[in-house]
Chemist: 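The following block contains the structure, expressed as structure tokens.
Numbering of ligands and ligand atoms starts at 1, following listing order. Along the sequence shown, residues carry numbers from 1.
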Amino acid sequence: MDDNKVLRLIHAAGLHEAELVATVAELGLAEVARILIDEVLFRAAVPHNHYPVVVQLTIAHEGRRVDSQLRAVGGKPWELLPVAAADQLVAMRIDYEALDLIRAVFGPGEERSVGYRTTSLLPSGSAAALTSDDQRMNYLGAATQAVQSILAACTRGRPDLGELATRYHSDKYGLLHWFTPHYERHLAGLRDEPVRVLEIGIGGYNSAFGGGSLKMWKHYFHRGLVFGMDIYDKSHLDEQRIVTIQGDQSDPDSLTEIAERHGPFDVIIDDGSHINEHVRTSFRVLLAHLRRGGFYVIEDLWTSYQPGYGGDPDPQSAAGTSLALLKDLMDSLHYEERPPGQERELVYSDLHVGGVHVYHNIAFIEKKLNAEGGIPPWVPR
Ligand SMILES: C[S@@+](CC[C@H](N)C(=O)[O-])C[C@H]1O[C@@H](n2cnc3c(N)ncnc32)[C@H](O)[C@@H]1O
């Protein structure tokens, strides 16, 4: 999947109108419409209307237009009808000027919904097919649900991360883990940024399943590009703004190659093997490929206590665990406070870790410049 075009559109969505117009001219209206429809169908909630409904989305620019008919039937994914069928009963026609829809879907700044589009109820097809009052009421009830789902998907929206984890079947919230409120606390400030997220561990192991969290990040970061790395080939999960990479997180060379090709990253998440040595290797290699102000997240710290993952049930004596790494980072944070004569050779994390936030089973490490200067020698001690 070539994401260059969508990245250009996302970038232009944050620029001046003249630059956005130039980008649309370069990419062509048909390609812009294809990217937007792909995104809208991804964001639209799975329909639950029991009665089939067609919604028409029209994207116009400089006298030309692209019409797309989108069909919803309860329980099935939204479908883009191959050819606009003239005799379809269209519940709602939604008209956007391309620039407004690009900014609504990919832009930062104000939410662009009402006041940026026109809507027409039952614009075409034969409403006479709805013969009885019961049929009309059923149809309009179904149409309301379907139309609202497309209208919501035409904006960036602000779905809660817990809701997105549930929608896309990631285990980051509910049942096993309760991580998403912690993610919200630390990542909300990046939500409107064109971030690059790398997650180690796509899910599903050697099966067709997985990718839940990648979809969750794609939806949450509406301007972001999401990379998933897994020891298994998960390329069947590639789609617009999601790139899968096969690699082993215990192999420093493979991590470096991936990071040099796709980084620097704004967020790196380790939800891979959870083997303590692997967690430490990945952190040691990848911290250098996180941009300043970004977050490195380590999930499933419980394996620090499990010998089966290279952990140790006695946390005081354990040196090679994920929790021991976090404790070392506390020392890194305070390297400037070592008494004269007790200094040690500086390591990368001394200068580049600015915060360590630890919660039950998950840690957020903040990359910052850590060089404030120690407490001066004349302060009594
Ligand atoms: C817990 S699942 C990830 C779940 C996913 N992040 C989510 O939240 O939906 C762990 C994944 O890590 C992968 N994995 C295991 N060992 C690995 C390794 N050494 N390097 C990279 N990925 C690995 C597995 O194949 C599995 O798909």
Chemist: Name the one of Arg291, Lys367, Arg196, Arg223 that satisfies salt bridge (charged side-chain N to carboxylate O under 4.0 Å, His left out) with Asp266?
Modeler: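 Going through the options one by one, the only one that passes is Arg291.
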Chemist: Check the pair Trp302 / Tyr309 against ring pair (Phe, Tyr, Trp, His ring centres under 6.0 Å), numbers first and verdict last.
Modeler: CA-CA 10 Å; Trp302 62 276; Tyr309 287 84; 5.4 Å; yes
Chemist: Pair Tyr168, Tyr220 - check ring pair (Phe, Tyr, Trp, His ring centres under 6.0 Å), show working.
Modeler: CA-CA 12 Å; Tyr168 297 115; Tyr220 186 78; over 10 Å; no
Chemist: NE2 of His11: more than 12 outside heavy atoms within 6.0 angstrom?
Modeler: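 No, the 6.0 Å shell around NE2 holds no more than 12 heavy atoms from other groups.
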Chemist: For the NE2 atom on His360, are there more than 12 heavy atoms of other groups (residues, nucleotides or ligands in this structure) within a distance under 6.0 Å?
Modeler: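 Check fails, neighbour count at 12 or below.
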Chemist: Taking atom CZ as the centre, does Phe295 end up with more than 12 heavy-atom neighbours from other residues, nucleotides or ligands that are less than 6.0 angstrom away?
Modeler: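 Enclosed.
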Chemist: Can you name the residues that come within less than 4.0 Å of ligand 1, going by heavy atoms only?
Modeler: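 The answer is Ser170, Asp171, Lys172, Glu199, Gly201, Ile202, Gly203, Gly204, Tyr205, Ser213, Asp230, Ile231, Tyr232, Gly247, Asp248, Gln249, Asp271, Gly272, Ser273, His278, counting any residue whose heavy atom sits under 4.0 Å from ligand 1.
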